[in-house]
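Encoded as structure tokens, the structure appears first; notes follow it.
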Amino acid sequence: MTITRTLRTTAATLTLAGVTALGFASQPLLARDQTSVAEVLGTAPTTAPATQDVNPAMWIVRDKDTTIYLFGTVHVLRPGLNWLKDDIKAAFDGSDELVLEVTEPEDPSIMPTILSKMATNPAGTTLRSLLDAPVLAKYESALGTLKIPAASLDGYKPWFAAVTLTTVPLLMQGYDPNSGAEKVLSNAAKAQAKPVGQLETIEQQLGIFNSLATKEQIAFLDVTLDGVPEVTTQIDTMVDAWGKGDLTRLDTLLNEGFESYPGLYDALLTDRNTNWANWIKTRMEQPGTVFIAVGAAHLVGKDSVQAILEKQGITSTRISK
């Protein structure tokens, strides 16, 4: 897979396996423009999809009185994938608490407020006015293909448009935020009255993209536009590797080419993985059992959470195959 092709699906990959808050961020816009979104998505299926057993990877970190499970997630999945079973379910059921990257806001009205601060352009500036002719042509073509009115995104920054333009095609092909791993685990935790914590805040996660210079955001949007036609195929491949616990292929799909952009790579993966490894090291000083679920991108490759823990003298062992 070439660097260019990898970067074309970066936004979708991050939405599904790297940054949880991106999924939350696009929901208010989709909810606001329900008519156009309904036209895009068509009629919802009337029958439940067939159940498919999959077996994602999970690791354990343990000392004499503390056990921490590390589970790599995909934030948005198609319905019907059965992964909360066997070792994973036993680990979850036996844990005292669930810890996610971020927790979904209990009050949905919070997200539009956050987006108005972090994802909108200054008054008088439209998204299209920021784009040069070639990018603008690709952008308007993508909007037409997805039946999204230009006005829906004109007030937003390029990074947010990139995320939205990868979310809609996935929804068109049956991906559902309510089937994502975090949503399933959160519902299970609620049913068991299990506490749910978070490693970051929504503002911290969206701030990674908001801190990019406008030129970098436009470049991010540009490569995303090139990849819109193949987003679903690429994500299907990633989900297949995730469901088979194929870490080598998952690492290639998620990280190949990304290191060519060290600032973004460090901000999205290495820096956060280091913070989470430090959190785990500190948490190991307290007794108890914790189930940590973070995007699968953080648990593969040479800069994974487990690799950083290993450098700190803490061993993680894969227990789900």
Side-chain angles (χ1 to χ4, degrees), residues 1-26 29 75 101-102 114-143 148 150 152-169 200-228 230-231 234 253-275 295 297-298 301 303:
M1 183 183 297
T2 65
I3 289 176
T4 301
R5 188 173 184 186
T6 299
L7 292 175
R8 284 177 181 174
T9 56
T10 295
T13 296
L14 295 173
T15 301
L16 293 186
V19 182
T20 309
L22 294 182
F24 302 155
S26 60
L29 174 67
H75 306 317
E101 291 182 30
V102 296
I114 294 175
L115 289 178
S116 70
K117 295 178 181 179
M118 307 189 75
T120 55
N121 289 314
T125 300
T126 66
L127 172 59
R128 284 177 291 175
S129 72
L130 298 173
L131 308 179
D132 62 24
V135 179
L136 179 61
K138 287 193 289 186
Y139 173 68
E140 291 182 334
S141 176
L143 291 179
I148 299 176
S152 297
L153 290 170
D154 237 2
Y156 290 97
K157 296 180 179 180
W159 73 260
F160 181 78
V163 171
T164 301
L165 291 175
T166 56
T167 301
V168 170
E200 298 173 329
T201 67
I202 291 174
E203 291 86 349
Q204 285 175 318
Q205 291 202 345
L206 299 187
I208 296 170
F209 293 91
N210 191 43
S211 65
L212 295 174
T214 300
K215 182 179 180 179
E216 294 173 313
Q217 292 187 34
I218 293 172
F220 183 45
L221 173 60
D222 189 19
V223 295
T224 298
L225 290 169
D226 289 337
V228 166
E230 61 188 51
V231 163
Q234 292 290 325
L253 292 167
L254 293 171
N255 294 325
E256 185 180 73
F258 200 14
E259 292 180 7
S260 299
Y261 292 76
L264 191 58
Y265 178 82
D266 289 343
L268 288 171
L269 293 177
T270 308
D271 294 347
R272 297 167 69 211
N273 291 354
T274 299
N275 291 338
H298 299 283
D303 296 312

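Index from 1, following the sequence. When reading the values below, keep in mind they use all heavy atoms of this one structure, side chains included, and skip hydrogens, waters and symmetry mates.
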To the nearest 0.5 Å, what is the distance between [atom1] ([X]) and [atom2] ([Y])?
X      : Y      : atom1 : atom2 : value
Leu206 : Glu200 : CG    : CD    : 10.5 Å
Asp266 : Arg272 : CG    : CZ    : 12.5 Å
His298 : Leu254 : NE2   : CG    : 9.5 Å
Glu101 : Gln204 : CD    : CD    : 11.5 Å
Phe160 : Asn210 : CZ    : CG    : 12.0 Å
Ser152 : Leu127 : OG    : CG    : 11.5 Å

Q: Sort and list the pairs that fulfil salt bridge (charged side-chain N to carboxylate O under 4.0 Å, His left out) and have at least one residue in residues 155-168, not counting sequence neighbours.
A: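 Applying salt bridge (charged side-chain N to carboxylate O under 4.0 Å, His left out) to every pair that reaches into residues 155-168, excluding sequence neighbours, yields nothing.
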Q: Using only heavy-atom distances, determine whether the side chains of Asp222 and Tyr139 contain a donor-acceptor pair under 3.5 Å.
A: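 The criterion, which ignores hydrogens and geometry beyond distance, is not satisfied for Tyr139 and Asp222.
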Q. Are Leu268 and Phe209 close enough that some pair of their side-chain heavy atoms sits under 4.5 Å apart?
A. yes
**Q.** Val163 side chain reached by Thr224 side chain, heavy atoms, under 4.5 Å
**A.**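 They are not in contact (no side-chain heavy atoms under 4.5 Å apart), so the answer is no.
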Tell me whether [X] contacts the main-chain N or O of [Y] through its side chain, where contact means a donor paired with an acceptor under 3.5 Å.
X      : Y      : answer
Gln234 : Val231 : no
Asn273 : Asp303 : yes
Ser141 : Ala137 : no
Asp132 : Val135 : yes

Under 3.5 Å, which donor-acceptor pairs do the side chains of residues 212-220 form with other protein atoms, sequence neighbours left out?
| from | atom 1 | to | atom 2 | distance (Å) |
| --- | --- | --- | --- | --- |
| Glu216 | OE1 | Ala213 | N | 3.0 |
| Gln217 | OE1 | Trp159 | N | 3.3 |
| Gln217 | NE2 | Leu212 | O | 3.0 |

(Q) With side-chain hydrogen bond (donor to acceptor under 3.5 Å, both in side chains) as the rule and sequence neighbours excluded, what pairs involving residues 117-129 come up? (A) Thr126-Ser129, Arg128-Asp154
Heavy-atom closest pair, residues [X] and [Y]:
X      : Y      : result
Leu225 : Ala142 : CD2-CB, 3.8 Å
Pro169 : Val228 : CG-CG1, 4.1 Å
Leu143 : Ala150 : CD1-CA, 3.8 Å

